[in-house]
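Scroll down for the structure; my scribbles are underneath it.
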Amino acid sequence: MKPIRIFFLFSILILIVAAWAQGTGSARAASAPEVPRSPQPPPTIASTVDREISSVEKLILETAEAMPEDKFNFSPESLQIPGADYKGVRTFALEVKHIAASNYAIWSPLTGDKFPENFIGGNGPAELKTKAEILKFLKDSFALGHQAAARLTTENMLQTAEHSKSSRLHLATFGVAHAFDHYGQMVEYLRMNGIVPPASREKSD
């Protein structure tokens, strides 16, 4: 019995010491002066649109990077699915290039950049063939989007953009909507090749 009693008393002593230490720590925390936090800048039209551009940019870049280079020219037409009509649809590479070329077409009126002639047609430069070249084209197009967003103000957002019939705000946000539309198609192309889209994967994957 004596060893049990000693063990019991020792356990109580540990609990008392732990409680005292916790109380002391809480008292110190309560008495410690608060470190002032830097105030977050209020949102602006530019920062709000920029955040939306960053959101779709992340999804599309991760999806493009997830497709192996030897599958970049994949098209559902090659699967010959009975009852399906995929004849003439864009390959995965063309989907990515189309997003990039469209980004330039939509956002260049907001930045004042001249739209390159070899981007006309919706699929971007024909000479871009490799995965690395196409991804750079895509990244550069989103960089232009961030520049476009940075130029938005409450004063100019409803003004008609240069060489366009649309408002600056419409063009800035339409670039995001258009990119999301084609992101959905890219996701389907990954699934058809047995690849889980990055945004749908478990965090541990």
Practice task
Could you tell me whether the side chain of L169 reaches within less than 4.5 Å of the side chain of V49, counting heavy atoms only?
Solution key: yes
Practice task
Verify the neighbour count for atom CZ of F115: are there more than 12 heavy atoms of other residues, nucleotides or ligands below 6.0 Å?
Solution key: yes
Problem - Heavy-atom side-chain proximity of E52 to T173 below 4.5 angstrom - result: no
Exercise for the section: Would you check if P125 and F137 make a side-chain contact, meaning some heavy-atom pair closer than 4.5 Å? Expected result: yes
Exercise for the section: Measure the spacing between CG of L94 and CG of N73 and express it to the nearest 0.5 Å. Expected result: 7.5 Å
Exercise for the section: Measure the acute angle between the ring planes of H182 and H178, then classify it against the limits of 30° and 60° as parallel, tilted or perpendicular. Expected result: tilted
Problem - From CA spacing to verdict: side chain to side chain contact (heavy atoms under 4.5 Å, CB included), W107, I53 - result: CA-CA 11 Å; W107 287 324; I53 292 174; 4.0 Å; yes
Exercise for the section: Mind checking the CZ-OG spacing from F174 to S102? Nearest 0.5 Å is all I need. Expected result: 8.0 Å
Practice task
For I106 and L171, work out which heavy atoms get closest and say how close.
Solution key: CG2-O, 3.1 Å
Exercise for the section: Give the cluster check for I99 versus Y183: same hydrophobic cluster or not, with ILVMFWY residues linked at side-chain heavy-atom distances below 4.5 Å. Expected result: yes
Exercise for the section: Answer whether the closest heavy-atom distance between the side chains of T63 and L190 falls below 4.5 Å. Expected result: yes
Handout entry: Least distance between heavy atoms, M157 atom then I45 atom
Key = SD-CG1, 3.8 Å
Exercise for the section: For S78 and S75, indicate whether the former's side chain and the latter's backbone hold a donor-acceptor pair under 3.5 Å. Expected result: yes
Handout entry: Verdict with reasoning, R191 to V196, per side chain to side chain contact (heavy atoms under 4.5 Å, CB included)
Key = CA-CA 6 Å; R191 294 282 189 185; V196 178; 4.1 Å; yes
Problem - H98 to G122 - nearest heavy-atom pair and separation - result: ND1-O, 2.6 Å
Handout entry: Side-chain (K131) to main-chain (M67) donor-acceptor, under 3.5 angstrom
Key = yes
Practice task
State, with a plain yes or no, whether a side-chain heavy atom of L144 is found less than 4.5 Å away from one of D140.
Solution key: no
Handout entry: Criterion side chain to side chain contact (heavy atoms under 4.5 Å, CB included) on Y104 and D113, from CA distance to verdict
Key = CA-CA 9 Å; Y104 276 100; D113 289 77; over 6 Å; no
Handout entry: side chain to side chain contact (heavy atoms under 4.5 Å, CB included) between E57 and H146, intermediate numbers included
Key = CA-CA 10 Å; E57 176 184 18; H146 292 296; 2.8 Å; yes
Fill in the blank from the handout: Nearest heavy-atom approach of A64 to F72 is O-CE1, 3.5 Å
Completion exercise
So OG of S108 and CD of Q147: to nearest 0.5 Å the spacing works out to 11.0 Å
Problem - Co-membership, hydrophobic cluster, residues F180 and M186, 4.5 Å side-chain - result: yes
Exercise for the section: Answer yes or no: is there a donor N or O on one side and an acceptor on the other, between the side chain of N156 and the main chain of R151, under 3.5 Å? Expected result: yes
Practice task
Taking S47 for its side chain and P43 for its backbone only, find out whether a donor-acceptor pair lies under 3.5 Å.
Solution key: no
Practice task
Spell out, as yes or no, whether a donor-acceptor pair under 3.5 Å connects the side chain of N193 to the backbone of Y189.
Solution key: yes
Handout entry: Q80, CD: over 12 other non-hydrogen atoms inside 6.0 angstrom
Key = no
Practice task
Identify the heavy atoms of I134 and K97 that sit nearest to each other, and give their distance.
Solution key: CG2-CG, 3.8 Å
Handout entry: L59 and P197, any side-chain heavy atoms less than 4.5 Å apart
Key = no
Completion exercise
For A101 and G124 the tightest heavy-atom approach is CB-N, 3.6 Å
Practice task
To the nearest 0.5 angstrom, please state how far the CG atom of L110 sits from the CD atom of E162.
Solution key: 10.5 Å
Exercise for the section: Report yes if the side chains of F142 and I60 come closer than 4.5 Å at any heavy-atom pair, otherwise no. Expected result: yes
Exercise for the section: Measure from the side-chain N and O atoms of E77 to the backbone N and O of V89, and report whether any donor-acceptor pair falls under 3.5 Å. Expected result: no
Practice task
Using modelled atom types only, decide if a donor and an acceptor are shared between the side chain of S55 and the backbone of R51 within a distance under 3.5 Å.
Solution key: no
